[in-house]
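A quick write-up on the structure given underneath.
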Amino acid sequence: MIELTGISRTYRRAGLPEVAALRGVSLGIGAGEFVAVLGPSGSGKSTLMAVMGLLDRPDAGIYRLRDQTVAGLSEEALATLRNRAIGFVFQAYHLLPRTTALENVQLPLLYAGRRDHRQRARAALAAVGLGDRADHYAHELSGGQQQRVAIARAIANEPALILADEPTGNLDPAAADGIMALFEALNAQGVTLVLITHDEAVAARARRVVRLEAGVLVSDRVREAVG
């Protein structure tokens, strides 16, 4: 699914010191895996997600997504690949405030030109337990419900990969547990999940934990199966 080889990313701004966000990261993630990328603030986690999600280009290294080398692809080609292959879930939800839950979930389907966007959006909301909240606006939903809408939006186009950046960071423990249970259920259905987090307890729910420190991959371990 994902193959990163020697990925480096340095940010440069005039008059400021260079920031080496990623330094020679090599990582492979297979289809159907549930991987947590763990590290403190400034470790390069979000930059790694941006690279994996085709939102940022590395300065060096090779990235292959679903056996396709992405270097050299145009911005339009990257946007098309991103829409078809990747679903994003962010800590801040990024819901459009003046639209309903259903309309928010329909967005990636509309961009993809899906004629059945309304039916698929309703099915995605039902899958996350919000079928009865389709016509509610974001401000009418709790934080946990808003995050579920964001997850429904991420899965509506049936992506092969979901990237989630600190998806439980704004939630209380009960809501966070519900979101993690939902991720586990999606992974059990075969969805590949990469979860970016600084929380050891959240990372422990993943099958595999990759740790970053100062832009360097320092450990990669697989959790022992229970039972």
Side-chain angles (χ1 to χ4, degrees), residues 1-13 18-39 42-90 94 107-114 150-151 153-167 183 186-187 189-197 203 206-222:
M1 176 65 70
I2 289 174
E3 184 180 353
L4 304 167
T5 306
I7 296 293
S8 294
R9 181 68 172 103
T10 298
Y11 295 105
R12 299 173 177 87
R13 293 182 62 185
E18 293 184 349
V19 177
L22 296 174
R23 298 186 289 168
V25 173
S26 295
L27 176 66
I29 297 174
E33 284 201 81
F34 184 0
V35 180
V37 178
L38 179 67
S43 62
K45 305 185 305 298
S46 292
T47 299
L48 182 61
M49 176 178 166
V51 169
M52 289 192 292
L54 309 177
L55 297 170
D56 195 7
R57 295 180 185 263
D59 301 311
I62 299 171
Y63 178 26
R64 292 175 60 83
L65 176 63
R66 302 178 79 181
D67 296 323
Q68 179 177 5
T69 301
V70 302
L73 292 178
S74 67
E75 291 301 322
E76 183 179 358
L78 288 174
T80 298
L81 181 58
R82 193 162 53 235
N83 178 262
R84 292 178 178 174
I86 305 172
F88 294 92
V89 181
F90 299 98
H94 294 311
L107 281 176
L109 298 166
L110 291 169
Y111 290 140
R114 301 295 296 257
I151 293 172
R153 182 179 57 196
I155 66 174
N157 209 23
E158 297 181 340
L161 169 67
I162 290 179
L163 300 175
D165 192 3
E166 301 282 6
F183 280 136
L186 290 169
N187 180 241
Q189 296 168 18
V191 176
T192 304
L193 283 167
V194 179
L195 172 67
I196 308 297
T197 185
R207 181 75 177 85
R208 178 181 169 198
V209 179
V210 172
R211 187 181 296 270
L212 283 180
E213 292 181 6
V216 177
L217 194 156
V218 297
S219 69
D220 185 349
R221 62 179 178 81
V222 176

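Below, each value reflects all heavy atoms present in this structure, side chains not excepted, and no hydrogens, waters or symmetry copies. For the single chain, residues carry numbers from 1 onward in sequence order.
Within 6.0 Å of CG in Leu110 there are more than 12 heavy atoms belonging to other residues, nucleotides or ligands.
Residues Pro159 and Gly87 approach most closely at CB-N, 3.6 Å, considering heavy atoms. Taking all atoms of both residues into account, the shortest heavy-atom contact from Tyr63 to Met52 is OH-O, 2.7 Å. What you find for Gly30 and Thr192 is that their closest heavy atoms are O-CG2, 3.7 Å. The nearest pair of heavy atoms linking Leu38 to Ala203 is CD1-CB, 4.0 Å. Considering every non-hydrogen atom in both Gly215 and Val25, the closest pair reads O-CG2, 3.5 Å. Contact detail for Phe88 and Gly53: the closest heavy-atom pair is CZ-O, 3.3 Å.
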Between Glu75 and Arg57, does a salt bridge (charged side-chain N to carboxylate O under 4.0 Å, His left out) hold up when you go through it step by step? CA-CA 10 Å; Glu75 291 301 322; Arg57 295 180 185 263; 3.1 Å; yes
Verdict with reasoning, Leu73 to Leu81, per side-chain contact (heavy atoms from CB on, under 4.5 Å): CA-CA 10 Å; Leu73 292 178; Leu81 181 58; 4.3 Å; yes
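Note that CD of Glu33 and CG of Leu161 are 11.5 Å apart. Values are rounded to the nearest 0.5 Å. Distance check: Leu4 CG to Ile29 CD1 gives 7.0 Å after rounding to the nearest 0.5 Å. Interatomic distance, NZ of Lys45 versus CZ of Arg211, reported as 10.5 Å (0.5 Å rounding). Distance CD1/Ile196 to OG/Ser43: 8.5 Å, rounded to 0.5 Å. Note that OG of Ser46 is 7.0 Å distant from CD of Glu166, once rounded to the nearest 0.5 Å.
Between Arg82 and Tyr111, every side-chain heavy-atom pair lies at or beyond the 4.5 Å cut-off. Two residues are said to be in side-chain contact when any heavy atoms from C-beta on lie closer than 4.5 Å; Arg221 and Arg208 fail this criterion. Counting only heavy atoms from C-beta outward, the side chains of Asp59 and Arg12 approach each other to under 4.5 Å. Taking the side chain as every heavy atom from C-beta outward, Val37 and Leu195 never approach each other to under 4.5 Å. Side-chain atoms of Pro108 and Asn83, non-hydrogen and from C-beta on, do get closer than 4.5 Å to each other.
A side-chain donor-acceptor contact under 3.5 Å links Ser26 to the backbone of Gly6.
Side-chain atoms of Ser8 and Arg23 form no donor-acceptor pair, as typed in the model, at a separation below 3.5 Å. Counted by atom type alone, Asp56 and Thr47 present zero donor-acceptor pairs between their side chains at under 3.5 Å.
A side chain to side chain contact (heavy atoms under 4.5 Å, CB included) with Pro58 is found for one member of Leu48, Val51, Val70, Leu22 and no other, namely Val51.
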